[in-house]
Amino acid sequence: MTGRGRRLEDFPTSRASLSGLLKSALSWGPFISAWRLVSLAPPWLRFGWPAGTALVAAAVWALSLATVDVTKMSDLGLVSLLPATAYASLALLTASFFVALHFRQTPTFVLLLHVVVLIALIHGTPPALYGTLRYSWAWKHVGIVDYIQRHGAVDPTIGYLGAYHNWPGFFAMVAFLVGALGVGDALGIAIWSPPVFNLLFVGGLLLIVKALTPDRRLLWLSAWIFASANWVGQDYFSPQAMSYFLHLVVVGICLQGIPGVRPFRFTAMRRLPGNDDRIGLAAIILALFTFIVVSHQLTPFMTMLAVSALVVSRRFNVLGLPLLMLMGLLTATWAVYVAAPFLRSNIYWVVSSIFDLFGNLDSNFIDLSKASEGQRFVATVDRVLTASVMGLAILGCVRRFRGGHFDLTGILLVLSPLPMLALNSYGGEMVFRVYFFALPFAAFFAAASLYPTTSTEASWWATPAAAAVGVALLIGLTIAYYGKDRMYYFTPGEVAAAQYLTENAPAGSLWVDGTWDWPLQYRHYEIYEYFSLVKLPKEAKERLEADPVGVISGLMQSRRYPQAYLIITRSQKAEVEMTGVMPAGSLDLIETMLRRSSLFQVIFENKDAVIFRMVRVSGGSP
Amino acid sequence: MLSYEKDLFRSSDAPLSWPLVFGVYTVITCIVVLVPFAALPRPLVVFGFLAVCPGMALIGLTHIESASQRLLLAVALSIALDTVVAGALLYAGEWSATRGLVILISISLGGSVLQVLQYKLEAGNAVSFAFVLLAITPGLVPFAALVMPRETILDTVSAFFGVLAGVALGTLILKEQLQPVPAHKGMKRPLQHPTTLLLAAIFASCTAIQLSRLW
């Protein structure tokens, strides 16, 4: 008698005598003995302890972070500050989840609790530790909300951040939310967006996977793998995050329909046969798709590609092609008739990147030769994590096929975002977006590498092996997700500098910075002009190293600006060091030289930021 | 795949507690918005309302049995409805959070009342009303396109006719949804009708004019 292929439920029941149990335990080894003891426990204990373990893991994580000093982040970001106990709590949570998953009778709430705790730990940690909004683009998004709050309108022809004024759905919704809640601005909402969005993503994913398999273990393992492999950081306060959630819900509805939605028996429509399912589903899908169309440029195309995959695989037989046509019509109408001002100023970029596959691919990756050693390691981990998930997905696909399941729909859904790689670089982010949109389906197949079919019985070694893979994925996630936090995190000092500038700079003034990596444009953003030294042409950058005062004063001396400021922050310096967008130490050099120059005056300073003002001489150049 | 089971959709299956709970919550929101009430923090109450209630008012009219699916779809639909209301006010030049809140409270209360009435009336009519409301949400797209300021007469005319042709085309496509099979062999479906081709041609021409202006 061997342990291979046996399930825990097959072990002797509680009727076994103690001596028999001990004898049996000794014959199976200590590991199996522990399993047996677990399987003999009453249900409340058997399923109560994983829930308790999840909560203990959360408590250990929280306690281990109590002494973390975020200002001491190294090149590896937040991960450099995580103590061993934090990793131990992740390992404990993972082990508890996989053991709970092994038992078919584990209640859903126990599995849900593990996924929720995982998301809370990974994505709730930065807002809890930092207390400030993470990532500079999130600050810009707060700025668009601020614009709508003040103007009650958008300006599609605006010079800065024009795309958001042409696809303003998400920002209008948040501005409305902020007004309705009676809070001053969107900063409080934005800070806590990542954990909330990740919970919503998992909800959408569950809707999808439920349609792909009736196996509950596969369902929850997919959710776990998705949460463990979603490293691309598209969960911050942004239209793409909200659109992504609705994209998942639309695909989920298209995949499984919604049992219960066949309501249309309106008197006028009753004469049309067989209309009830269709109109109900179409109405829900179109309402969700409307949000996507008016909020984000890329997601409508990803949704249409996914729906096309369903139409091609004949999975979407309730609505099908007409709905796809409606989606195309809505997308085209918005892009051409509403967002024309944005297209007009970006048409060259949009057209030139079509079918430039290699150009679109190349533009996505940081130049590792210029990046710091830590960032080279983080980039390597990103790639290994991505390759691992895709490798597991391929393995799962093969195992499903061998188990008698040919998941054409799932395979097409994994592949559906790929055409976008050939169509657009999306500002250098397309490859990450393709991974992001393929991930829910890849997570399903990756989960299937462990439980390929409903009837699969995991052998005794499968659970610890899967837990080990789960821990490895989580270690990769912490490195990939937190690895850039030295530049994504903004200290209270940096926020204070941004606030000082916002409150004191006159309208029309020029703000120059080293890079855009600081809490920029979050309030009254449209009344200022902006320039980043990193955007200087190559020759000017070379001159900047030799003569920073001359180059910067040349930029700032124009009389068309009532005032001109230069702000240098800790986060900008971190970005320069980490990504190599400018020579290392260049911002320190600029700061030193400007302090010595009589052309510049320090008007604000703390340990993380300094603001210079160009000194104007009345009647002539400064 | 979860299949459609006809007997799942009997109106008597729908729990009455849901509309009552969300109806009462909507009324509480109304009170909190109108009367500053220190015991209930406005941000928390209104956030809960906007995140769930508008969508739940409509989803509650269907007979989705799974509570988790019901909640997920209610959140998703609430986000969409909040956005459509906010977007419509934004493009109409009538921006006001209070006005938007009143509209959404009306939708939620209307949905809750319809859910209660569903027990007395024929279920289909109430549900149909809700889904007519949902089906017009994509109307935000042509509305925004029509109210956008235009620079030239050609721009204005092509946008006007292009958007109208798009709306007509969309309506025909929706009609296609309602007509699953031709009644008899040889009968033309809406999308095969010459009018569809004409509308598609107008839409394509106007879109081409708009695109040509981008260069």
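Letters A, B, ... mirror the listed sequences (proteins, then strands); counts begin at 1. Given the structure is predicted, the values throughout are model-derived calculations rather than measurements. Because only heavy atoms are used, hydrogens play no part in the values below, and waters and symmetry mates are left out as well, while side chains stay in.
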Handout entry: Side-chain touch A/Arg150/A/Asp146, heavy atoms, less than 4.5 angstrom
Key = yes
Problem - Contact origin within A/Val183 toward chain B - heavy atom pairs under 4.5 Å - result: side chain
Practice task
Check each atom of A/Ile189 against the heavy atoms of chain B and say whether the ones under 4.5 Å are side chain, backbone, both or neither.
Solution key: neither
Problem - Heavy-atom contact with chain A under 4.5 Å, split by part of B/Val141 - result: both
Fill in the blank from the handout: When the 4.5 angstrom heavy-atom criterion is applied to B/Thr83 and chain A, the contacting part is both
Fill in the blank from the handout: Per-residue tally against chain A (heavy atom, under 4.5 Å) across B/Gly87, B/Ala80, B/Pro138 peaks at B/Pro138
Problem - Donor-acceptor under 3.5 Å (B/Gln210 side chain, A/Thr333 main chain) - result: no
Practice task
Let me know if A/Leu286 has heavy atoms under 4.5 Å from chain B in its side chain, its backbone, both or neither.
Solution key: both
Problem - Evaluation steps, side-chain contact (heavy atoms from CB on, under 4.5 Å), between A/Ile285 and A/Met327 - result: CA-CA 10 Å; A/Ile285 292 170; A/Met327 289 176 162; 3.7 Å; yes
Exercise for the section: List the steps, then state whether ring-ring contact (aromatic ring centres under 6.0 Å, His included) holds for A/Tyr164 with A/Phe342. Expected result: CA-CA 9 Å; A/Tyr164 301 138; A/Phe342 176 82; 9.2 Å; no
Exercise for the section: Measure up the B/Trp95 and A/Phe176 rings against each other and bin them: parallel (under 30°), tilted (30 to 60°), perpendicular (over 60°). Expected result: perpendicular
Practice task
Below 4.5 Å from any heavy atom of chain B, which atoms of A/Leu246 appear? Answer side chain, backbone, both or neither.
Solution key: side chain
Practice task
Sort out for me which of A/Gly179, A/Ala287, A/Ala335 touches chain B most, counting heavy-atom pairs under 4.5 Å.
Solution key: A/Ala287
Exercise for the section: Check each atom of B/Ser158 against the heavy atoms of chain A and say whether the ones under 4.5 Å are side chain, backbone, both or neither. Expected result: backbone
Exercise for the section: Go through the atoms of A/Pro214 and report whether side chain, backbone, both or neither lie under 4.5 Å from a heavy atom of chain B. Expected result: neither
Practice task
Assess whether ring-ring contact (aromatic ring centres under 6.0 Å, His included) is satisfied between B/Phe143 and B/Tyr91, documenting all intermediate values.
Solution key: CA-CA 8 Å; B/Phe143 174 67; B/Tyr91 281 100; 7.4 Å; no
Practice task
Please state whether the side chain, the backbone, both or neither of B/Ile79 comes within less than 4.5 Å of a heavy atom of chain A.
Solution key: both
Practice task
Under 4.5 Å, counting heavy-atom pairs only, tell me which of A/Ala180, A/Pro156, A/Ala172, A/Pro168 racks up the most with chain B.
Solution key: A/Ala180
Exercise for the section: Heavy-atom distances under 4.5 Å only: say whether B/Leu44 touches chain A with side chain, backbone, both or neither. Expected result: neither
Problem - Per-residue contact mode, B/Phe203 against chain A (heavy atom under 4.5 angstrom) - result: both
Exercise for the section: Measure the shortest side-chain to side-chain distance between A/Trp167 and A/Pro239 over non-hydrogen atoms and say whether it is less than 4.5 angstrom. Expected result: no
Handout entry: Selection from B/Val45, B/Thr98, B/Leu50, B/Val75 maximising heavy-atom pairs under 4.5 Å formed with chain A
Key = B/Leu50
Problem - Exceeds 12 heavy-atom contacts within 6.0 angstrom, atom OH of B/Tyr25 - result: yes
Exercise for the section: Please determine, by modelled atom types, if A/Thr108 and A/Arg216 share a side-chain donor-acceptor pair under 3.5 angstrom. Expected result: yes
Problem - Among the listed options B/Asp82, B/Leu71, B/Leu101, the residue most often paired with chain A at heavy-atom distances under 4.5 Å - result: B/Leu101
Practice task
Give a yes or no answer on whether the side chain of B/Arg99 reaches the backbone of B/Leu89 with a donor-acceptor pair at less than 3.5 Å.
Solution key: no
